[in-house]
Protein chains: 2
Amino acid sequence: MQLDFTAQLREKRTRVTPSRLAVLSLLEKEKRPLSVEKIITAIGEDAIDYVTVYRTVTLLKELGLIRQIDFHHGHAHYELASLGDHHHVVCVKCDKVAEVARCNAKRMEQEILKESGFSTITDHSLEFFGICRNCSI
Amino acid sequence: MQLDFTAQLREKRTRVTPSRLAVLSLLEKEKRPLSVEKIITAIGEDAIDYVTVYRTVTLLKELGLIRQIDFHHGHAHYELASLGDHHHVVCVKCDKVAEVARCNAKRMEQEILKESGFSTITDHSLEFFGICRNCSI
DNA sequence: ACACACATGCAACTAAGTTGCAAGTAAGAT
DNA sequence: ATCTTACTTGCAACTTAGTTGCATGTGTGT
């Protein structure tokens with residue numbers, strides 16, 4: 001299934017530019033959270049300025065097309081929001097990241113809307129931290 | 001209930017110093033996630049060096065006495081690990097933070113240990129992002 | 001109260017992310 | 001097709017977050 005990022009950007013009333021399409025299709029291809037550094041390397045540092053990447057991920061996050069994730073690595077990671085409700089386990093020794101099946105956070109969101117004084121929940125992030133088998137030997 | 005941080009530090013075979021006790025008892029008093037900046041202000045910038053605060057939170061996190069939390073504010077927050085399994089909702093417009101009741105992540109941890117190739121789960125973090133009533137007007 | 005490994009403070013540094021501004025470009029109007 | 005204009009990009013300079021090296025200070029076991 002090929003996502004139509006052009007249509008998605010137009011729907012959000014923002015311009016369709018090569019930078020935005022490059023970041024979106026890279027994240028679609030990789031299907032995992034990437035740092036800004038990895039995004040620049042993948043697109044090519046002659047092809048895009050790092051400031052443009054920062055501005056692009058900030059915009060795409062505000063539009064809800066991508067999601068920011070924090071692995072306690074000292075910098076942010078980003079993945080396609082349409083990957084849905086899946087999460088990660090991070091090894092605190094070697095920084096290895098594995099995937100975790102879907103959780104029931106959607107049900108919690110309903111409770112939050114009732115109780116917390118928030119009018120909308122746009123996203124959530126759930127990360128587990130532990131030690132992978134390789135590091136526990 | 002007054003926690004005996006001295007005993008906790010000794011049990012972890014590390015030194016009991018004024019800096020460590022100051023950070024731990026501040027976090028116990030506040031009962032909410034604090035940034036390094038807030039920790040320095042609260043303790044007093046003449047009373048503790050900011051490098052010591054960074055080294056202290058890194059150590060206390062490794063010892064499992066405090067927990068690192070990320071609100072997508074551009075810097076880390078820390079709270080007492082003994083506050084247990086509670087989480088947060090963050091307004092993406094004004095950065096307001098509210099608390100959320102306990103989730104069932106402990107059950108998920110059991111599944112992760114079976115399936116993911118990890119031998120230990122030391123912690124997890126669950127943050128919701130949305131828009132608070134004040135910002136939605 | 002001694003010795004020594006560990007903790008702290010200071011200065012310098014690296015890494016992550018932001019801002020201002022001039023030049024370039026997407027997209028609607030002609 | 002070309003024009004116009006507001007939005008986007010690239011570059012340089014900057015701010016903020018966090019780290020490292022080293023000399024001095026201090027907690028803890030003897």
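In the text below, chain A, chain B and the rest are named by the order of the sequence lines, each starting its count at 1.
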message: Can you build the contact string for nucleotides 6-16 of chain C? Use B for base contact, S for sugar-phosphate-only contact, and - for no protein heavy atom under 4.0 Å.
response: BSBBBBB---S
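Rounded to a whole Å, the CD atom of A:E45 is 15 Å from the C1' atom of D:dC11. Put simply, NZ on B:K12 is 22 Å from P on D:dG27, counting in whole angstrom units. We find that NE2 of A:H72 is positioned 13 Å from P of D:dT19, with the value rounded to whole Å. Atom OH of B:Y78 is separated from atom C1' of D:dA17 by 10 Å (rounded to the nearest Å).
The two atoms that bring A:Y78 and A:L27 nearest to each other are O-CD2, 3.4 Å, heavy atoms only. Across all their heavy atoms, B:D85 and B:C103 have their closest contact at OD2-O, 3.4 Å. Of all heavy-atom pairs between A:S119 and B:C132, the closest is OG-O, 4.0 Å.
Counting non-hydrogen atoms under 4.0 angstrom, A:V16 reaches the backbone sugars and phosphates but no base. Residue-level contact check: B:R13 touches neither bases nor backbone, having no heavy atom under 4.0 Å from any strand.
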Side-chain atoms of residues 58-76 of chain B: list all donor-acceptor pairs with protein atoms under 3.5 Å, sequence neighbours left out, distances to 0.1 Å.
residue	atom	partner	partner atom	Å
B:T58	OG1	B:Y54	O	2.8
B:K61	NZ	B:Q68	OE1	2.6
B:R67	NE	B:D123	OD1	3.3
B:R67	NE	B:D123	OD2	3.3
B:R67	NH1	B:E79	OE2	3.0
B:R67	NH1	B:G84	O	3.2
B:R67	NH2	B:A81	O	3.0
B:D70	OD2	B:H72	N	3.1
B:H72	NE2	A:Q68	O	3.4
B:H73	NE2	B:D95	OD1	3.4

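The 12-atom threshold is not exceeded at CD of B:E37, counting heavy atoms of other residues, nucleotides or ligands nearer than 6.0 Å.
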- prompt: Would A:R107 and A:N104 satisfy side chain to side chain contact (heavy atoms under 4.5 Å, CB included), going step by step from the backbone distance to the final call?
  reply: CA-CA 6 Å; A:R107 203 194 313 153; A:N104 69 347; 3.4 Å; yes
